[in-house]
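Report on the following structure.
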2 protein chains.
Amino acid sequence: MGKTMHENAVAAPFAAEKLRLAGLRPTRQRLELASHLFGGPDRHVTAESLHDEVVEAGIKVSLATVYNTLHQFTQAGLLRQVIVDAARGYFDTNTGDHQHFFLEDEGMLIDIPGETITVAGVPTAPPGMTVDRVDVVVRIRRS
Amino acid sequence: MGKTMHENAVAAPFAAEKLRLAGLRPTRQRLELASHLFGGPDRHVTAESLHDEVVEAGIKVSLATVYNTLHQFTQAGLLRQVIVDAARGYFDTNTGDHQHFFLEDEGMLIDIPGETITVAGVPTAPPGMTVDRVDVVVRIRRS
DNA sequence: AAGTAGTTTAGAATAATTCTAAGTCGAGAA
DNA sequence: TTCTCGACTTAGAATTATTCTAAACTACTT
Ligand SMILES: [Mn+2]
Ligand SMILES: [Mn+2]
Ligand SMILES: [Zn+2]
Ligand SMILES: [Zn+2]
């Protein structure tokens with residue numbers, strides 16, 4: 001009935017591999033956060049939503065560590081940040097080229113595959129600057 | 001040498017008109033904020049940057065009033081909000097259709113005229129939802 | 001001039017995020 | 001194995017942007 005070593009062994013191996021490749025020690029907290037983040041389909045989380053979820057699952061991790069880990073994963077290229085709301089920061093497990101619907105009422109993100117939207121006519125960046133990326137956010141609401 | 005009634009009368013008339021049309025009382029604070037915002041070319045401000053500027057100009061307004069006024073102007077359609085930074089909210093005097101460069105290093109916005117960028121292939125919103133607007137942010141940095 | 005609702009504001013309160021400093025842990029060395 | 005040390009975690013304080021409260025003030029009507 002308690003958690004067995006076997007139960008945890010399901011997600012850990014590939015998560016440990018990810019962390020190793022990123023040069024991050026596979027600590028208990030990082031492994032647990034990584035399997036929640038990367039163990040299923042792509043997802044969008046806030047620090048607090050992920051912390052709640054992980055605490056709910058009986059895992060002991062502080063909110064500070066969740067923030068630290070999300071930033072480390074982002075630096076390592078395992079996550080990207082999505083800026084759609086002035087009040088909250090979102091992190092996205094899908095680091096590939098894609099865009100978002102943002103449901104302003106629920107504060108929820110939905111992926112739009114990268115090939116779907118075409119952005120044409122982006123001017124060249126001012127002298128001495130380079131384009132880091134082009135974000136498209138389709139803001140939607142109950143109609 | 002002090003401010004004369006005549007000096008203030010230059011900007012006030014059109015600002016008062018704007019406020020009247022928006023159903024907002026032309027108070028001293030609103031008139032002063034409005035002439036700073038709308039008295040020249042289009043601009044992007046944060047509550048704090050506008051407050052600093054206005055205080056610097058010798059005007060007595062509280063930060064709370066700047067926040068209130070920016071929100072009231074936004075509701076009235078005189079401003080729009082631009083979300084590019086998770087830490088700060090920006091307000092834009094240009095409410096027409098256009099997009100932005102965002103200089104991530106300086107936290108500065110530059111307008112891209114509305115006809116410049118074309119966004120094609122935006123999928124229809126999920127059932128029961130409507131597209132509020134499509135924002136394009138071209139994030140740039142020193143190269 | 002008086003009344004009243006709208007407005008301003010100081011200061012407290014919120015909320016997301018970051019920082020500090022002290023304890024804990026992982027991994028290589030011995 | 002045990003030792004060692006830098007990496008990691010964390011409680012709680014601090015920071016920052018923004019909002020709220022509730023009391024004082026003011027623009028407009030009568
Ligand atoms: Mn924030
Ligand atoms: Mn904020
Ligand atoms: Zn996404
Ligand atoms: Zn603009």
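Because the structure is predicted, anything quoted here is derived from the model rather than measured. Every chain is numbered from 1 and lettered A, B, ... according to where its sequence line falls, protein lines coming before strand lines.
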key: Side-chain donor or acceptor of R43(B) paired with backbone N/O of F91(B) under 3.5 Å   =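 Between the backbone of F91(B) and the side chain of R43(B) there is no qualifying donor-acceptor contact (under 3.5 Å).
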
Name the closest nucleotide to the [X] side chain, picking from [options].
| X | options | result |
| --- | --- | --- |
| Y67(B) | dT9(C), dT10(D), dT18(D) | dT18(D) |
| E48(B) | dC28(D), dT9(C), dA17(D) | dA17(D) |
| L63(A) | dA11(D), dT9(D), dT17(C) | dT17(C) |
| H71(B) | dT10(D), dT19(D), dC28(D) | dT19(D) |
| A64(B) | dC20(D), dA11(D), dT18(D) | dC20(D) |

key: Non-hydrogen atoms of P126(B) and I140(A) that approach each other most closely   = CD-CD1, 3.6 Å

task = Could you pull out the closest heavy-atom pair between P26(B) and L19(B), with the gap in Å?
result =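 Answer, listing the atom of P26(B) first, then L19(B): CA-CD1, 3.6 Å.
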
ask   = Does the side chain of H100(A) come under 3.5 Å of the side chain of D92(A) through a donor N or O and an acceptor N or O?
value =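 Yes, a side-chain donor-acceptor pair sits under 3.5 Å.
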
ask   = If we ignore angles and hydrogens, is there a donor and acceptor under 3.5 Å between the side chains of H44(B) and D111(B)?
value =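 Yes, a side-chain donor-acceptor pair sits under 3.5 Å.
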
Can you pull every protein N or O that's under 3.5 Å from an N or O on nucleotides 4-7 of chain C?
from, atom 1, to, atom 2, distance (Å)
dG6(C), O4', R25(B), NH2, 3.3
dT7(C), OP1, R25(B), N, 3.4
dT7(C), OP1, R30(B), NH1, 2.6
dT7(C), OP1, R30(B), NH2, 3.2
dT7(C), O5', R30(B), NH2, 3.4

request  = Taking only heavy atoms on the protein side, list every residue of residues 74-85 of chain B lying under 4.0 Å from any atom of DNA chain D, sorted numerically.
outcome  = none

request  = For this output row, return yes or no: ring centroids of H51(A) and Y67(A) closer than 6.0 angstrom.
outcome  = no

key: Residue mapping more 5' on DNA chain D - nearest nucleotide basis, P26(B) or N68(B)   = N68(B)

task = For the helix from dA1(C)-dT30(D) to dA30(C)-dT1(D), measure the angle between the helix axis at one end and the axis at the other, each built from five pairs, rounding to 10°.
result = 20°

query = Applying the side-chain contact (heavy atoms from CB on, under 4.5 Å) test to V82(B), which of L79(B), D85(B), V84(B) qualifies?
reply =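 Exactly one option meets the side-chain contact (heavy atoms from CB on, under 4.5 Å) with V82(B), and it is V84(B).
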
query = In terms of side-chain geometry, is the basic nitrogen of R142(B) or E104(B) positioned less than 4.0 Å from the acidic oxygen of its partner?
reply =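 Between E104(B) and R142(B) there is no salt bridge, as every charged N stays at least 4.0 Å from the carboxylate O atoms.
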
query = Ion pair present between E32(B) and K60(B), side-chain N to carboxylate O less than 4.0 angstrom?
reply =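 K60(B) and E32(B): not salt-bridged.
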
task = For the residue pair Y90(B) and F102(B), categorise the inter-ring angle as parallel (less than 30°), tilted (30 to 60°) or perpendicular (more than 60°).
result =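 Aromatic pair Y90(B)/F102(B) classed perpendicular.
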
key: Exceeds 12 heavy-atom contacts within 6.0 angstrom, atom CD of Q75(A)   = no

